[in-house]
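Have a look at the structure below before the remarks.
Side chains are part of it too, since the values below use all heavy atoms of this structure and drop only hydrogens, waters and symmetry mates.
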Amino acid sequence: MSGRTQARACPERTCVGCRERAAKDELLRIVAIEGTCVPDPRGTLPGRGAYVHPALVCLDLAVRRRAFPRAFRLQGPLDTAKLRGNLEAAETVAEQATP
């Protein structure tokens, strides 16, 4: 026996809102495109990405802490309205799905 396990390591990322580490597939990748934060659920958009839990609480923390401009290494505030609408819609669907 070589001592190696068959389980593969799961990549981890840090949420820019709550600063907790989580598995990459539990977080939502965000990309800055022309001054707007855009969700990238497939993880294929080009450019630097930031990760956040798909919850409004973490999004609010990230906006309050000005974490997105720092993570993207950009100057000035970024528009998060599209991202907020996407997360609100996802939470509404999740609430309706659970009885």
Side-chain angles (χ1 to χ4, degrees):
M1 290 280 211
S2 66
R4 293 186 183 183
T5 61
Q6 295 296 324
R8 292 186 53 102
C10 180
E12 288 187 342
R13 300 290 184 263
T14 302
C15 174
V16 295
C18 65
R19 304 292 299 162
E20 290 184 12
R21 293 184 62 82
K24 184 179 174 182
D25 58 351
E26 294 176 9
L27 300 173
L28 177 64
R29 183 173 188 255
I30 310 298
V31 178
I33 298 177
E34 298 178 3
T36 303
C37 289
V38 179
D40 182 18
R42 292 177 33 204
T44 58
L45 290 177
R48 179 175 284 276
Y51 291 85
V52 67
H53 284 105
L56 288 174
V57 174
C58 286
L59 177 64
D60 291 338
L61 281 171
V63 170
R64 187 173 22 166
R65 293 178 55 241
R66 297 182 189 105
F68 288 123
R70 195 173 326 120
F72 298 132
R73 297 182 182 169
L74 297 174
Q75 297 293 324
L78 296 170
D79 183 25
T80 58
K82 183 175 182 179
L83 179 60
R84 178 174 297 282
N86 189 335
L87 288 179
E88 286 174 351
E91 285 187 357
T92 303
V93 169
E95 288 175 3
Q96 292 175 354
T98 56

Legend entry - Validation row: Glu20, Thr14 side chains within 4.5 angstrom (heavy atoms): no
Inset, instruction - Identify whether Val16 and Leu74 are in the same connected component of the hydrophobic contact network (ILVMFWY, side-chain heavy atoms under 4.5 Å). - result: yes
Legend entry - Arg66 atom CZ, neighbour heavy-atom count above 12 within 6.0 Å: no
Legend entry - Close side-chain approach of Leu59 to Phe68, heavy-atom, < 4.5 Å: yes
Legend entry - Which atom of Leu87 lies closest to which atom of Pro54, heavy atoms considered: CD2-CA, 3.7 Å
Inset, instruction - Flag the pair Arg13 / Arg29 as yes when at least one side-chain heavy-atom distance between them is below 4.5 Å, and no otherwise. - result: no
Legend entry - Side-chain heavy-atom pair Leu28, Leu83 within 4.5 angstrom cut-off: yes
Inset, instruction - Can you see which heavy atom on Pro46 is nearest to which on Val31, and at what distance? - result: O-CG1, 3.5 Å
Inset, instruction - Taking all heavy atoms of Phe72 and all of Ala50, pick out the closest pair and write down the distance. - result: CE2-N, 3.6 Å
Legend entry - Pro69 versus Gly76, closest heavy-atom pair with distance: CG-O, 3.4 Å
Legend entry - From Leu61 atom CG to Cys18 atom SG, the distance as rounded to the nearest 0.5 Å: 7.0 Å
Inset, instruction - May I ask you to check whether over 12 heavy atoms, not counting those of Arg21, lie within 6.0 Å of atom CZ? - result: yes
Inset, instruction - Check each of Val63, Val38, Asn86 against Thr80 using the side chain to side chain contact (heavy atoms under 4.5 Å, CB included) test, and report the only one that passes. - result: Val63
Inset, instruction - Give the minimum heavy-atom separation between Leu56 and Glu91, together with the two atoms involved. - result: N-OE2, 3.1 Å
Inset, instruction - Can you measure from SG (Cys10) to NZ (Lys24) and round to the nearest 0.5 angstrom? - result: 9.5 Å
Inset, instruction - Give the minimum heavy-atom separation between Asp60 and Arg84, together with the two atoms involved. - result: OD1-NH2, 2.5 Å
Inset, instruction - Nearest 0.5 Å please: distance from the CD1 atom of Ile30 over to the CG atom of Asp40. - result: 8.0 Å
Inset, instruction - To the nearest 0.5 Å, tell me how far Glu26 CD sits from Cys15 SG. - result: 11.0 Å
